[in-house]
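Have a look at the structure below, then the notes.
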2 protein chains.
Amino acid sequence: MQPDVTRLVFMKPRLREQTVTTWARLVRTETTLIDQVQRALKAAKLPPLGWYDVLLELRRAPGGELRQYEIGAQTLLTKYNLSRLVDRLQREALVERHACAEDGRGNLVRITTAGTELLQRMWPVYGAVLEQQFESRLSADDILALENILKKLG
Amino acid sequence: MQPDVTRLVFMKPRLREQTVTTWARLVRTETTLIDQVQRALKAAKLPPLGWYDVLLELRRAPGGELRQYEIGAQTLLTKYNLSRLVDRLQREALVERHACAEDGRGNLVRITTAGTELLQRMWPVYGAVLEQQFESRLSADDILALENILKKLG
DNA sequence: CCCTAATAGTTGTAGATGCAACCGGATGTG
DNA sequence: CACATCCGGTTGCATCTACAACTATTAGGG
């Protein structure tokens, strides 16, 4: 559950200049990197990142299947977006939808062989961008430091 | 100009485990924070973040006006998205479009009084989230360290 | 100058997202 | 067990975004 940010008290914010600068850089850096991944995938005629995220969650899960709401919790997708994204994945035979025995409302989404194969074709593209735009520009210490700072924001 | 990520050599990526973990956390943290800002704005019946970004760029610019492509370069918006976003802002009288004297193709976008007023109403909401979800969770040193790491990724 | 190529911006159309309303099936309380 | 409520998921509709094609203007050679 996310913190309820809709009830914050709105006083005139007194933020340090440096905070705003760093925040802006964080947003810009992240969007730029994501954008590079997306462009690389498109150039390789592969589906968008959202597909990768969902398929990866499924492949990580025991049995290669998850309830839809579990995928949503992991990927931060809303339920209606997920519903339609799974439609698209299903249409491409990358996942199957099965009725759920324990809960008559829901369904289990399972990744197919075609789905895992797609994952394997996407990873080199995704990973190459990560390697060259992210890992290679930072030291191992940088990455650890970054991890520790980000942890405080979770 | 962005690095051309569409011609990378795709070998089997050999990324350190830690790199992938940190990358995942970076993406998740940033999207969560942006999402919190968006929800706070919506709860306050204010327009989305994209409007803020454009209006802020304009207010920062000398004379409160910029060419459309200049806004695009700052905000990472594509030209067609920007074209329509400026349409919407114009419809709400937050900006004006003027023909550009030096370049007959383009136009100058200028922020209006209503536009700056909107900025002033949005900032407390935006800033409050930043203060409570970002600044208050990090030390000044953390923020500086974060800045320096992110700089290497630009 | 003229012709080509590049640039700024718009637009038609298709696809994706957001919102609210909705449909069961599950859960809890009296 | 009856009822209201909650929860997982879907869907209609409006809005927004992506892509490609287009107009109009500027810039660069020969």
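Note: hydrogens, waters and symmetry copies are ignored here, and every other heavy atom, side chains too, is used. Small disclaimer: the values here were computed from a predicted structure and weren't measured. Here is how names work: the chains are called A, B, and so on, in the same order as the sequence lines, proteins then strands, and each is numbered from 1.
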Rounded distance (Å) that lies between atom C1' of dG24(C) and atom CG of Asn107(A) | 13 Å
Ignoring backbone atoms, test whether Arg67(B) places a side-chain nitrogen or oxygen under 4.0 Å from the OP1 or OP2 oxygen of dG9(C).
-> yes
Polar contact flag, side-chain donor to acceptor under 3.5 angstrom, Glu96(B)-Thr112(B) = no
What nucleotide, of dT10(D), dG25(C), dG12(D), holds the atom closest to the side chain of Arg105(A)?
-> dG25(C)
Looking at dT11(D), dT17(D), dT17(C), which one has an atom nearest to any side-chain atom of Arg88(B)?
-> dT17(D)
For Asp87(A), which contact category applies under a 4.0 Å heavy-atom criterion: base, sugar-phosphate, or nothing?
-> nothing
Apply side-chain hydrogen bond (donor to acceptor under 3.5 Å, both in side chains) to Gln68(A) and Arg97(A), showing your working.
-> CA-CA 9 Å; Gln68(A) 236 168 260; Arg97(A) 258 197 263 239; 2.9 Å; yes
Asp103(A), nearest nucleotide to its side chain (from dA8(C), dG25(C), dA20(C)) | dG25(C)
Separation of dG9(D) P from Leu77(A) CG (nearest whole Å) = 13 Å
Considering only dT10(C), dA18(D), dT17(C), which nucleotide approaches the side chain of Ser83(B) most closely?
-> dT10(C)
Rounded to the Å, how far apart are Glu70(B) CD and dG9(C) P?
-> 9 Å
Can you tell which of dT10(C), dG8(D), dG18(C) lies closest to the side chain of Lys79(B)?
-> dT10(C)
Between P of dT17(D) and CG of Leu85(B), the distance in whole Å | 7 Å
Determine the contact category for Arg84(B): base if any of its heavy atoms lies under 4.0 Å from a base atom, sugar-phosphate if only primed atoms, P, OP1 or OP2 are that close, otherwise nothing.
-> base
Judged by nearest nucleotide, the residue sitting upstream toward the 5' end of DNA chain D, Arg91(B) or Tyr69(A), is Tyr69(A)
Using a strict cut-off of less than 4.0 Å between a Lys/Arg side-chain nitrogen and an Asp/Glu carboxylate oxygen, indicate whether Glu70(A) and Arg67(A) qualify as a salt bridge.
-> no
Check each of Ile71(A), Leu66(A), Val54(A) against Val109(A) using the side chain to side chain contact (heavy atoms under 4.5 Å, CB included) test, and report the only one that passes.
-> Ile71(A)
